[in-house]
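Fair warning: this is a prediction, and the values are worked out from it, not measured in the lab.
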Amino acid sequence: MPTNFIQELKWRGMIHDIMPGTEEALLKESVGGYIGFDPTADSLHIGSLVQIMTLVHFQKAGHKPYALVGGATGMVGDPSGKSQERNLLDETTLKHNVECVKLQLEKFLDFKGENAAEMVNNIDWFCNLSFLEFIRDVGKHISVNYMMAKDSVKSRLETGLSFTEFSYQLVQGYDFYYLNKHKRCIVQLGGSDQWGNIVTGTELIRRKGGGEAYAVTTPLIKKADGTKFGKTEGGNVWLDAKKTSPYQFYQYWLNTSDDDAANFIRIFTLKTKKEIEALEKEHAEAPHLRVLQKVLAEDITVRVHNNEALKTAISASNILFGKSTADDLKALSEEDFFSVFEGVPQARISQAEFGKGMSIVEAMAGKTNFLASNSEARRELIANAISVNKEKVDEQFVISTENLINGKYILLGKGKKNNYILIIEG
RNA sequence: GGGGAGAUACUCAAGCGGCCAACGAGGGCAGACUGUAAAUCUGCUGGUUACACCUUCGCAGGUUCGAAUCCUGCUCUCCCCA
């Protein structure tokens, strides 16, 4: 007997829109449900984490989750939320992306047991479907008028969209139909921008076979300060450790504002209502300890990466933001040093170039490009923002061999949050 | 087709012959405070071999001792009338 999936999402604030009858249908018996992931890059980013969590909850409620990687839909391009026609990815890149995304998704779901998760790729049912078959069997059931009424299409009529993007909703709709017919998939989940596409699917299922089909969408995640969720100056926050190091990943969550932390912990962790309320109380009593942010960051980092990565991220954070000194830095073994500072920008300079020493300005800008120009380095030095091995320095400072840790590397810093490692190669 | 307005640094927006590397606001960065927060206060926000020099105010020329500011042409944008 399944538990109440919809109520679970509701108290977590994860429901934007829901089709009438969905809750009842999901309570009757264990069924299948799916979410599609776009292979637009070779890694998912934390925006997709909402969708992943929805699938996780779906499975926990006793249903069978299907994670669909859009090998076929990726070839078409979803116009939803896009103001311009997209460029198509070539097939090789697409294949590569599909494989990468698949591997990432596999981490989160349980592929064993009665309601084991399943990975599907829509290229498998599209590759043998001919164009004529498609427009006869699928296109015949959905009117152009209906398709044009969708926001994703309507908002593009002024600027234009290709037939390819226009057809997208039919392609995605067919996915739903296919999974509904072959895998007993009765609900499609997704972000709120997917509502239109999902509904085309339920419509197709009803018209083509009279089957039952439902839809649930999650809200777009917003931050209280109005900036985009999941973005930093450096770009997206990725799930791939090669693109966003576990340290940066951990830091992103740790820096969640008080206003957002309570929402995020509901959405991105599996903590129960009781646990979360207790944490909120604790946080309210001692806000400076930032219990919510810490639990949030730890929980997600462990699930996306692993325990080991979390440990390193925490120790890196303690060293960079805690009370540690130059001596603590020097006490780290070389291996620890580099694993702690993985993901921190690095530059290498030859022994010859370093010579007996190097001015701090050259080390920050001229020779390394950590900062855009020597002028900027000077400005920051005057503002007392630059540190060498955690100690503030002034413009006169010259880095000498004595400052090098283990004789070969050194930690430079600008302000509280920017660190750079300079390595002298022998 | 006719008439008018405009194009200034990341964005908005002053300046209309020398005092302009260019007011101000936003954004960004940093300092203080703090909780690696918010709010607040302060400084910075073209480059360099730095009390000077160099490159910048749509593009290309010109006038002048000297122009972002004046003239000519070009490109683009907006508005009004038909």
>> Is it true that A/T93 and A/D90 share a donor-acceptor pair across their side chains at a distance under 3.5 Å?
In response: yes
>> Between the side chains of A/K64 and A/E114, is the shortest nitrogen-to-carboxylate-oxygen separation below 4.0 Å, so that they form an ion pair?
In response: no
> Can you check whether A/V237 reaches A/Q248 side chain to side chain, under 4.5 Å on heavy atoms?
Replying inline: no
> Can the ring centres of A/F5 and A/H57 be said to be less than 6.0 Å apart?
Replying inline: no
> Looking only at atom P, what distance separates B/G3 and B/G58, rounded to whole Å?
Replying inline: 25 Å
>> Just so I know, are the side chains of A/Q51 and A/F37 near enough to count as touching, which here means a heavy-atom distance under 4.5 Å?
In response: yes
>> Which residues pass the side-chain hydrogen bond (donor to acceptor under 3.5 Å, both in side chains) test with A/T244, not counting sequence neighbours?
In response: none
> Expressed in whole Å, how much space separates the C1' atoms belonging to B/U63 and B/C71?
Replying inline: 7 Å
>> Between B/A25 and B/C33, how many Å separate the two C1' atoms, rounded to a whole number?
In response: 25 Å
> Under a 90° cut-off about 0 for the syn range, is B/C51 syn or anti?
Replying inline: syn
> If we take the P atom in both B/C65 and B/C59, what is their distance in whole Å?
Replying inline: 25 Å
> Looking for any heavy atom pair under 4.0 Å, which part of the strands does A/K392 touch: base, sugar-phosphate only, or nothing?
Replying inline: sugar-phosphate
>> Between B/A5 and B/A50, how far apart are the two C1' atoms, rounded to whole Å?
In response: 42 Å
Listed pairs, N/O of protein and of nucleotides 49-52 of chain B, under 3.5 Å:
{"unit_1": "B/U49", "atom_1": "OP2", "unit_2": "A/N374", "atom_2": "ND2", "d": "3.4"}
{"unit_1": "B/A50", "atom_1": "N6", "unit_2": "A/S375", "atom_2": "OG", "d": "3.3"}
{"unit_1": "B/A50", "atom_1": "N6", "unit_2": "A/R378", "atom_2": "NH1", "d": "3.0"}

>> With no hydrogens and no angle check, just 3.5 Å: does a side-chain donor-acceptor pair link A/Y409 and A/N406?
In response: yes
Do any N or O atoms of the protein come closer than 3.5 Å to N or O atoms of nucleotides 33-37 of chain B, and which pairs are they?
{"unit_1": "B/U34", "atom_1": "O4", "unit_2": "A/K416", "atom_2": "NZ", "d": "2.5"}
{"unit_1": "B/G35", "atom_1": "O4'", "unit_2": "A/H288", "atom_2": "O", "d": "3.3"}
{"unit_1": "B/G35", "atom_1": "O6", "unit_2": "A/D258", "atom_2": "OD2", "d": "3.2"}
{"unit_1": "B/G35", "atom_1": "N1", "unit_2": "A/D258", "atom_2": "OD1", "d": "3.2"}
{"unit_1": "B/G35", "atom_1": "N1", "unit_2": "A/D258", "atom_2": "OD2", "d": "2.8"}
{"unit_1": "B/G35", "atom_1": "N2", "unit_2": "A/D258", "atom_2": "OD1", "d": "2.7"}
{"unit_1": "B/G35", "atom_1": "N2", "unit_2": "A/Q293", "atom_2": "NE2", "d": "3.4"}
{"unit_1": "B/U36", "atom_1": "O2'", "unit_2": "A/N255", "atom_2": "OD1", "d": "3.2"}
{"unit_1": "B/U36", "atom_1": "O2", "unit_2": "A/Q251", "atom_2": "OE1", "d": "3.2"}
{"unit_1": "B/U36", "atom_1": "N3", "unit_2": "A/Q251", "atom_2": "OE1", "d": "3.0"}
{"unit_1": "B/U36", "atom_1": "N3", "unit_2": "A/Q251", "atom_2": "NE2", "d": "3.2"}
{"unit_1": "B/U36", "atom_1": "O4", "unit_2": "A/Q251", "atom_2": "NE2", "d": "3.1"}
{"unit_1": "B/A37", "atom_1": "OP1", "unit_2": "A/K417", "atom_2": "NZ", "d": "3.3"}

> So what's the dot-bracket for RNA chain B: Watson-Crick or G-U pairs under 3.5 Å, [ ] if a pair crosses, | if it pairs off-strand?
Replying inline: ((((((((.[[[..)..(.....]]]((((((.......))))))(((...)))...[[[[[..)....]]]]]))))))).
> Expressed in whole Å, how much space separates the P atoms belonging to B/U64 and B/C10?
Replying inline: 34 Å
Just the atom pairs and distances: protein N or O near nucleotides 40-44 of chain B's N or O, under 3.5 Å.
{"unit_1": "B/C44", "atom_1": "O2'", "unit_2": "A/R379", "atom_2": "NE", "d": "3.4"}

>> For A/F268, run the side chain to side chain contact (heavy atoms under 4.5 Å, CB included) check against A/V50, A/D299, A/V304 and tell me which one passes.
In response: A/V50
> After noting the C-alpha distance and the side-chain angles of A/V340 and A/Y247, does the key distance pass the side chain to side chain contact (heavy atoms under 4.5 Å, CB included) rule?
Replying inline: CA-CA 8 Å; A/V340 161; A/Y247 164 74; over 6 Å; no
>> With a 4.0 Å limit, can you tell me whether A/S373 has a side-chain N or O closer than that to the phosphate oxygens OP1/OP2 of B/U48?
In response: yes
>> Do the side chains of A/R12 and A/E8 get close enough for a salt bridge, i.e. N-O under 4.0 angstrom?
In response: yes
> Any donor and acceptor pair, going by atom type alone, linking the side chain of A/N122 with main-chain N or O of A/D175 inside 3.5 Å?
Replying inline: no
> Is a side-chain N or O of A/N389 found less than 3.5 angstrom from the main chain of A/N403, in a donor-acceptor match?
Replying inline: yes
> Considering only the P atoms, how many Å lie between B/U77 and B/U45, rounded to the nearest integer?
Replying inline: 35 Å
> Roughly how far apart, to the nearest Å, are B/A67 and B/G62 at atom C1'?
Replying inline: 12 Å
Contacts under 3.5 angstrom, residues 39-47 of chain A side chains, donor-acceptor by atom type, not counting sequence neighbours:
{"unit_1": "A/D42", "atom_1": "OD1", "unit_2": "A/K243", "atom_2": "NZ", "d": "3.1"}
{"unit_1": "A/S43", "atom_1": "OG", "unit_2": "A/Q104", "atom_2": "NE2", "d": "3.0"}
{"unit_1": "A/S43", "atom_1": "OG", "unit_2": "A/D240", "atom_2": "N", "d": "3.3"}
{"unit_1": "A/H45", "atom_1": "ND1", "unit_2": "A/G47", "atom_2": "N", "d": "3.4"}

> Do you see a donor-acceptor pair shorter than 3.5 Å between the side chains of A/S257 and A/D260?
Replying inline: yes
